Number of protein chains: 2
Amino acid sequence: MKQFFFLLLFSSIALGQASYDTVSAAIATEALEANHAIGMLKELALGIGHRISGSPQADQAVQWAKKTMEQLQFDNVRLEPVMVPRWVRGPIEEVTLTYAGTIKKLNACALGGSVGTPPEGITAEVVEVKSFQELASLGATAKGKIVFYNRAFERRFINTFQGYGRAVDQRWGGAIMAARSGGVAWMIRSMSSSLNDFPHTGSMGYADTLPKVPGIAISTNDAEFLGRVLKTEKNVRVTVKLACQTLSDVRSYNVLGELRGTEKPDEVIVIGGHLDSWDKGQGAHDDGSGCVQSIEALRILKSLGLKPKRTIRAVMFMNEENGLRGGRGYADTTRGKERHIAAVESDEGGFTPRGFGISDTAAYTKAKSWEPLFRAIGADRFFIGGGGADISPMGRKGVPMFGLNVDSHRYFDYHHTDADTFDKVNERELALGAACMAILSYLIAQEGL
Amino acid sequence: MKQFFFLLLFSSIALGQASYDTVSAAIATEALEANHAIGMLKELALGIGHRISGSPQADQAVQWAKKTMEQLQFDNVRLEPVMVPRWVRGPIEEVTLTYAGTIKKLNACALGGSVGTPPEGITAEVVEVKSFQELASLGATAKGKIVFYNRAFERRFINTFQGYGRAVDQRWGGAIMAARSGGVAWMIRSMSSSLNDFPHTGSMGYADTLPKVPGIAISTNDAEFLGRVLKTEKNVRVTVKLACQTLSDVRSYNVLGELRGTEKPDEVIVIGGHLDSWDKGQGAHDDGSGCVQSIEALRILKSLGLKPKRTIRAVMFMNEENGLRGGRGYADTTRGKERHIAAVESDEGGFTPRGFGISDTAAYTKAKSWEPLFRAIGADRFFIGGGGADISPMGRKGVPMFGLNVDSHRYFDYHHTDADTFDKVNERELALGAACMAILSYLIAQEGL
């Protein structure tokens with residue numbers, strides 16, 4: 001009741017003169033009551049759908065972001081061009097398991113950036129390993145075979161990103177290690193904390209000095225199944241048919257909009273997410289959420305009449321998933337007298353916010369004193385370590401990075417799959433993440449770092 | 001890595017000798033890795049489905065709970081009989097809106113305990129109010145009409161239970177106030193924090209001295225729609241046809257199982273949830289989750305070889321939703337030398353745990369020192385105030401109550417609707433709630449209160 005009274009009071013006088021406690025509460029209330037973020041996400045994720053770099057949908061997303069920020073009357077809404085890779089999945093994607101007279105289609109998809117196969121596919125015996133070390137120890141055994149990396153994502157970590165971090169080497173390095181062992185193709189157990197039927201795509205790397213062998217992910221349920229089959233059956237073979245290919249780079253854009261600082265406009269706080277997604281689902285949690293939260297953070301500040309002393313700039317980065325060209329391009333652009341004092345990213349999904357991971361000890365020390373302002377929201381856990389892929393090129397140039405840390409339990413059920421859809425995002429959880437971005441960026445704008 | 005090493009170490013020696021830090025980490029790891037709670041919930045919620053008191057499904061749930069605890073070899077698994085009300089929705093449930101030549105079926109359902117209507121239904125004009133005060137101020141205007149309580153669940157609270165608490169008087173008291181004003185039926189805007197198409201049922205009360213008028217809930221989307229129609233149209237009428245009725249009380253059961261205390265077996269900590277649900281959806285969050293978490297908490301302690309000094313008893317209460325007969329019956333039962341030292345309930349859904357609400361200042365003061373043991377899980381917010389409906393009769397007898405507090409943003413999207421289904425529960429969030437119940441009950445068992 002008391003809180004309500006304060007809000008009534010401060011809506012009619014300048015909220016900018018109020019205590020940060022009051023500002024923080026007003027921001028959270030505005031986020032929940034206006035409930036604007038979910039409407040934007042509906043347009044982006046449900047309306048446009050998935051939007052891999054270089055696709056027509058990515059172009060639509062760029063135009064959508066620009067128009068949305070223009071309609072909200074942000075300052076200096078603009079596009080910054082960036083060349084991005086153009087990988088296309090193509091019309092054929094078929095993975096078939098054969099053993100002892102059984103033929104079974106697997107829930108599978110090409111990993112992002114994979115080469116395709118000949119039209120007849122690649123058929124070979126499967127060799128299962130749990131690590132690169134195990135693969136190396138097999139010597140010539142893997143030659144001519146399909147290497148199957150089946151080390152499970154560990155459930156035991158409270159933060160699922162730790163489980164991901166300990167499994168994802170299989171995806172990133174799988175192509176190189178398979179080629180080095182003479183493998184003709186490779187597959188991974190999907191990067192998921194649960195057992196489900198979705199194949200999870202994601203980025204991978206090739207070495208220029210080694211053959212480029214096609215890579216796929218199979219669902220965790222199918223990985224369990226295949227693992228069992230390999231224990232009991234001989235001559236277990238898989239046929240992989242992929243029509244994916246990498247085309248020429250195309251022009252795309254980062255999309256920028258800001259609230260110009262009233263006192264130190266050349267000191268800039270970036271808040272952002274990435275506009276591209278994988279070509280699966282609707283890119284709702286990854287990272288439509290981060291994009292609309294960044295726009296919503298500015299909208300909230302503006303609608304409450306809060307005037308930041310320093311410039312807060314929302315940046316929708318392009319090409320996080322398969323190139324990071326947007327993040328690099330943004331960091332490499334010379335901007336006159338401008339100095340970036342912080343970069344904040346939301347790219348862990350639109351789940352309940354818990355706090356911020358902070359890259360820099362000095363920034364952490366300063367920001368730590370603001371924790372109580374995030375306590376009512378339940379997002380008062382600030383810790384050292386964190387940031388975001390898109391802002392990491394800025395981070396390498398010395399800009400302190402803040403990553404919005406959220407409740408991570410559901411993320412890897414959806415990540416890079418057809419299940420990452422609009423209906424998986426809760427409007428309140430999304431809104432409170434936006435509120436955290438607004439509060440943090442406003443505090444940095446007023447107090448510096 | 002260090003944590004992993006500890007676990008390896010302590011699995012082979014007595015975990016009971018380890019520090020509480022180690023015990024807490026081992027419990028969380030067991031909950032996530034064994035992932036047992038979600039399998040039990042699948043049997044209860046998906047397998048049996050909704051299970052209102054007195055229904056065949058409620059009987060099945062009783063048998064399921066008993067068998068499950070017997071198979072887990074808990075001590076003293078048993079049923080305690082309790083007579084419960086038997087309300088049935090019946091085959092007809094139809095609410096139709098008519099105005100200016102338009103006929104529209106509303107997403108509606110009877111409120112739990114409502115009387116039915118004559119076969120031809122009740123047709124009357126609608127009068128909308130936002131509060132009982134407003135209704136009273138209308139004087140005779142409401143006579144012969146259908147009273148429509150349309151005060152919205154406020155979005156602004158971080159904890160959605162606060163919004164619920166400020167709206168639910170419309171449901172609890174709506175029948176009495178409508179009858180007092182001469183209304184012939186009444187309807188409420190569903191108790192939901194979001195706009196959706198589900199009608200949310202729930203309990204309501206009649207006064208013996210007033211006519212019992214039928215009560216329904218309509219979806220929040222339909223409430224918004226009807227509110228708009230009432231602003232522009234005249235002679236807006238609704239027809240309500242309900243076949244619901246209250247039958248005679250029937251016998252049902254609380255289901256009990258325990259880990260007998262090694263040193264003070266007569267000092268008992270109850271951990272529980274309620275086995276019954278509304279006759280909607282699958283009672284997955286409300287409160288299948290609390291039931292399986294209570295069983296899982298004991299299973300975890302047992303599987304880790306932890307031997308509580310005091311008795312920890314899992315109780316699946318019957319009839320929380322429309323009578324609380326199970327909770328009352330349990331509290332009223334004389335149990336020889338036994339003394340209850342604490343009661344812990346999980347009945348806010350199987351979402352990410354955040355801490356415990358504690359009814360009693362002395363218990364709070366003691367438990368507060370345990371917060372760090374819940375920090376890794378992110379459930380280290382202990383606060384004064386809380387408990388649970390089923391344990392409230394024990395609370396009134398002086399037993400300190402603990403309510404598992406969880407992330408509440410999604411709860412009222414599902415609560416008491418067809419949307420409260422198994423697929424809405426995340427296995428990790430559910431498991432960590434069970435871990436919190438296990439850690440807390442073990443601490444109380446070892447340290448007292």
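Keep in mind the model is a prediction, meaning the values are calculated, not measured. In what follows, every chain begins at residue 1, and chains take the letters A, B, ... in the order their sequences are listed.
- If you look at A/F383 and A/Y364, their ring centroids are not closer than 6.0 Å.
- Residues of residues 368-377 of chain A lying under 4.5 angstrom from chain B, judged on non-hydrogen atoms, are A/R375, A/A376, A/I377 by number.
- Taking the side chain as every heavy atom from C-beta outward, A/I300 and A/M437 never approach each other to under 4.5 Å.
- Within 6.0 Å of NZ in A/K42 there are 12 or fewer heavy atoms belonging to other residues, nucleotides or ligands.
- Contact annotation: the side chain of A/R151 approaches that of A/S131 to within less than 4.5 Å [non-hydrogen atoms, C-beta and beyond].
- Shortest non-hydrogen contact noted between A/T220 and A/S194 is OG1-O, 3.0 Å.
- Here the shortest heavy-atom pairing between B/A434 and B/A297 reads O-CB, 3.8 Å.
- At a heavy-atom cut-off of under 4.5 Å, chain A is reached by B/N426, B/E427, B/R428, B/E429, B/L432 from residues 416-432 of chain B, listed in order of number.
- Closest approach of B/R156 and A/T29 over heavy atoms only: CB-CG2, 3.9 Å.
- In terms of heavy-atom pairs under 4.5 angstrom with chain B, the leader among A/D413, A/I38, A/N35, A/N159 is A/N35.
- Residues B/S289 and B/G349 come closest through the heavy atom pair CB-C, 4.2 Å.
- Closest non-hydrogen pair, B/H409 versus B/S193, comes out as O-OG, 4.2 Å.
- Closest of all the heavy-atom pairs between B/N196 and B/H200 is OD1-NE2, 3.8 Å.
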